[in-house]
Number of protein chains: 2
Amino acid sequence: MAPAGPTDTARALRTEGSVVISVDAMGGDRGPGAVVAGMAESAAKNPDVRFIVHGPEAELKRLIGRRRELANRCVIRDAAGVVTMEDKPSQIVRKGEGTSMWSTLESVRIGEATAAVSCGNTGALMALSMLRLRKLPGVNRPAIAVLWPSRNPGGFNVMLDVGADIRADAEDLLQYALMGASYARNGLDLSRPRIGLMNVGTEEHKGRAELKQANDLIAANTERGGYDYIGFVEGSDLPSDRVDVIVTDGFTGNIAIKTGEGTAKLVGDFLKQAFENSVMSKFAALLAMTSLKRLQKRIDPRRVNGGVFLGLNGTVIKSHGSADATGVSSAIKLAFQLAQSGFQERLAARLAQSVAAADGAGGPGGDGTQPVAPNGQKETKGAT
Amino acid sequence: MAPAGPTDTARALRTEGSVVISVDAMGGDRGPGAVVAGMAESAAKNPDVRFIVHGPEAELKRLIGRRRELANRCVIRDAAGVVTMEDKPSQIVRKGEGTSMWSTLESVRIGEATAAVSCGNTGALMALSMLRLRKLPGVNRPAIAVLWPSRNPGGFNVMLDVGADIRADAEDLLQYALMGASYARNGLDLSRPRIGLMNVGTEEHKGRAELKQANDLIAANTERGGYDYIGFVEGSDLPSDRVDVIVTDGFTGNIAIKTGEGTAKLVGDFLKQAFENSVMSKFAALLAMTSLKRLQKRIDPRRVNGGVFLGLNGTVIKSHGSADATGVSSAIKLAFQLAQSGFQERLAARLAQSVAAADGAGGPGGDGTQPVAPNGQKETKGAT
């Protein structure tokens with residue numbers, strides 16, 4: 001069903017300085033209307049963004065036709081099938097061809113778009129991404145990384161994995177450290193990111209066996225990965241300014257990120273109630289409007305919408321299933337920034353480098369653990 | 001070192017309607033001054049609370065002598081040793097006799113106090129509690145339960161385990177459900193608490209193998225445990241009003257609780273900054289003072305200070321290591337409430353009941369799992 005290569009219309013999207021993003025219009029909780037509205041919001045702010053959008057052609061034509069911002073900046077790729085939130089990843093891997101999600105990834109695979117954005121089923125998107133884009137050499141388990149509001153000067157920390165895989169052994173956690181450092185270097189512009197490993201305490205004797213092992217492995221690879229290692233961190237360090245990248249398994253990371261979001265939302269609701277409490281406080285809220293709006297913007301989860309899939313041959317951004325236009329637009333912005341910075345090529349190069357180094361050194365040191373990339377693959381994709 | 005039974009001075013503390021709390025003055029980050037200040041705060045508010053306080057006698061005498069609220073309501077038990085935050089639980093189990101923590105638990109063990117409060121090292125406190133107070137019949141792994149601010153009418157949810165043990169198998173999770181339900185019934189006054197099991201998604205096929213097994217086990221024991229089971233919940237449900245008790249392993253629970261606290265603190269700091277932003281917003285903050293103070297009180301982690309150790313022959317409350325007087329006083333209040341409600345006896349009775357039921361039924365159902373209490377002990381402690 002998918003075309004063998006870029007079509008002429010897709011080729012025509014690429015102009016000097018433009019970046020093409022492949023967008024899955026289907027599978028989000030709010031339907032294609034919210035996705036197209038998000039695309040329009042992005043297009044209005046950013047003259048260099050172009051889209052290939054995937055879903056049922058007639059409906060998309062109608063939605064896009066209403067948006068003047070999207071005229072001549074958008075190619076529609078017809079896909080009748082939709083991956084629902086209830087579909088199991090294993091089903092989609094077998095029968096997903098013909099869905100908008102499959103088609104969205106295909107545009108990245110064949111190179112007509114630089115990055116993909118989808119609001120759909122996370123598990124299915126990761127399974128399809130692994131099947132169609134393939135893992136980068138040296139990567140065992142890809143990870144999903146998110147930005148989280150923090151006290152750091154840049155305003156954010158990176159956490160990974162937040163749900164690609166519920167398991168991670170010590171070596172996977174080392175790979176997360178390498179990939180997270182690369183993401184922080186390119187996405188947050190930090191020359192030497194500080195890595196922390198999530199645990200239930202900062203003392204070295206605490207936590208599960210694989211965490212103690214990962215603690216040693218990550219500490220032994222600081223030079224190779226171009227990061228500093230600060231050791232164990234706790235849940236309370238998620239917004240801390242003593243760390244830039246928090247490494248954890250996908251089960252723990254998923255619980256942490258959702259707990260953080262839920263708590264921020266609770267406090268926000270309490271705040272709203274507090275200001276609706278009396279005439280006096282309503283008047284005060286009116287006066288403080290600018291400050292309150294700034295606060296709301298700082299803690300708005302839609303502003304950090306977009307989990308990046310790391311460890312694949314291609315950039316894929318998972319937007320929240322419930323994302324509205326603002327959320328979709330923020331995920332597109334992230335995709336655009338990463339595509340423009342050449343992040344994918346740099347990450348591949350960095351991982352290839354550590355594979356080569358691991359091959360040369362015969363493993364990351366005499367600590368009885370496996371070398372970084374036991375398969376010894378050296379193939380890279382346009383490394384700079 | 002510890003006395004063999006209540007001393008005469010300790011006996012004299014007990015008057016009609018009074019409740020004696022055993023307090024560890026040492027081991028917290030702020031030293032015995034903060035603990036004694038918290039005791040004084042409690043004593044000022046509550047005429048029925050009495051204390052046996054453990055630590056270096058000379059220092060405690062000096063601190064308590066300054067507090068008029070504590071006159072004639074406090075017995076000092078001299079203990080020179082201090083368990084530090086750096087001590088490993090295994091060391092303390094071997095060499096902890098003579099520490100204030102050991103002595104604090106001893107007062108509960110011999111019955112001269114109804115509940116214990118300590119700000120000290122959590123791991124050491126749990127290890128000593130298990131050694132000295134012993135586990136309740138039918139309990140494999142004791143758990144630490146905390147109250148968390150929620151949208152429920154009562155204002156709180158219960159979560160357990162938040163760090164007693166980093167492991168929990170399906171049967172442990174069932175015990176947590178039983179114990180959590182009992183705590184919610186007595187502590188939050190809910191006749192039929194709703195239990196949720198923490199996972200990375202609400203779909204039945206998601207998560208680790210032991211979670212799927214626990215899902216079946218907890219669902220099969222709703223009548224026995226006197227709870228409703230709502231299935232899997234996510235991190236975002238921590239403050240939700242669709243659940244009362246959230247069951248999880250101690251690793252995940254610890255990360256979740258610290259992430260929640262860290263996030264609430266971050267938003268609080270952002271809020272403060274927002275109101276310091278301009279003359280206008282400072283004026284607005286002044287006007288909104290009452291509302292803001294109410295909000296601060298609602299999200300103040302000191303107000304929910306106190307993890308309850310469940311599954312032991314005796315009530316032990318772990319206060320935050322960094323608790324100030326307000327935090328300590330809130331932990332004492334929780335200890336007092338639980339002691340007064342006869343929670344310990346009811347929990348023991350409930351667990352003994354399920355042990356008996358499990359013995360009778362030969363396990364919780366034909367799902368291939370172990371019965372609730374394989375050891376079949378039936379001994380209870382003053383069950384009502």
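Heavy atoms only: backbone and side chains are in, while hydrogens, waters and symmetry mates are out.
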Kindly write out the residues that satisfy salt bridge (Lys or Arg N to Asp or Glu O under 4.0 Å) with A:Glu234, not counting sequence neighbours, or none if the list is empty. B:Lys258
So which residues of residues 236-243 of chain B are in contact with chain A at a heavy-atom cut-off of under 4.5 Å? B:Ser236, B:Leu238, B:Pro239
Heavy-atom nearest pair, B:Gly307 first then B:Val146, reads CA-CG1, 3.8 Å
Residues two or more places apart in sequence or in another chain: which of them pass side chain to side chain donor-acceptor pair (under 3.5 Å) with B:Ser118? B:Asp24
Got a second to check how far B:Ile92's CD1 is from B:Asp87's CG, nearest 0.5 Å? 4.0 Å
Greatest number of heavy atom pairs closer than 4.5 Å to chain B - which of A:Ile166, A:Ile257, A:Thr248: A:Ile166
Distance, nearest 0.5 Å, that separates CZ of B:Arg141 from OH of B:Tyr176: 6.5 Å
Going by side chain to side chain donor-acceptor pair (under 3.5 Å), name the residues that satisfy it together with A:Ser90, two or more places apart in sequence or in a different chain. none
Report which part of A:Asp165 has an atom under 4.5 Å of a heavy atom belonging to chain B: side chain, backbone, both, or neither. neither
Check each atom of A:Ile246 against the heavy atoms of chain B and say whether the ones under 4.5 Å are side chain, backbone, both or neither. neither
So, A:Asp249 and B:Arg208, do they make that salt bridge, N to O below 4.0 Å? yes
